[in-house]
Amino acid sequence: QVQLVETGGGSVQPGDSLRLSCTASGGTFSTKAMAWFRQGPGREREIVSAIGASGVATYYADSVKDRFSISRDNAKNTVYLQMTSLKPEDTAVYFCAQAAVGNGALKEYEYDYWGQGTQVTVSS
């Protein structure tokens, strides 16, 4: 059984930065794609960014391109989401997820394991 624990959320002002971390226990982290999803108030959950098992392939939603950066450290079983130039519309609960495959997973149903979520609030 895989467990994912996210940390790093909080309340910040527009323009600030935050780094989310997600550490996995159990399973074979280094062979699985990882992703960050988010669910804002009154909105459906959406993918924010994904990264392949080796860390080479990455995906970003248009809304976060050039502001967010995903990375992973397979030695630490951890995936990161560096968020910069945060906007109020980035306010959401952010979820870490692990896919059943090593690359190319962009849909929710392709992700087997989910963290509990961490709140990010961007407000002045």
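In this text the structure is predicted, and so the values were computed from the model without any measurement. Just the heavy atoms: all of them, side chains too, but no hydrogens, waters or symmetry mates, feed the values below.
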Between Gln119 and Thr121, do the side chains contain an N or O donor and an N or O acceptor separated by less than 3.5 Å?
-> yes
So, Thr78 and Thr23: side-chain donor and acceptor under 3.5 Å apart, yes or no?
-> yes
In Å and rounded to the nearest 0.5 Å, what is the CD1 to CZ distance from Ile51 to Arg72?
-> 6.0 Å
To the nearest 0.5 angstrom, please state how far the OG atom of Ser49 sits from the CG atom of Leu20.
-> 11.0 Å
Locate the shortest heavy-atom distance separating [X] from [Y]; write the atom from each residue and the value.
| X | Y | answer |
| --- | --- | --- |
| Asp112 | Ala100 | OD2-CB, 3.1 Å |
| Val2 | Gly26 | CG2-O, 3.8 Å |
| Tyr111 | Ala50 | OH-CB, 3.9 Å |
| Leu4 | Gln116 | O-OE1, 3.5 Å |
| Ile47 | Leu106 | CD1-O, 3.6 Å |

Donor-acceptor pair, side chain of Tyr80 and main chain of Ser69, under 3.5 angstrom = no
Within 45° cone of Tyr60 ring axis and under 6.0 Å: Arg67 NZ or CZ | no
Can you check whether Trp36 and Phe68 have ring centres sitting under 6.0 Å from each other?
-> no
Under the salt bridge (Lys or Arg N to Asp or Glu O under 4.0 Å) criterion, do Asp90 and Arg38 qualify, and how do the steps go?
-> CA-CA 9 Å; Asp90 294 318; Arg38 69 184 180 187; 2.9 Å; yes
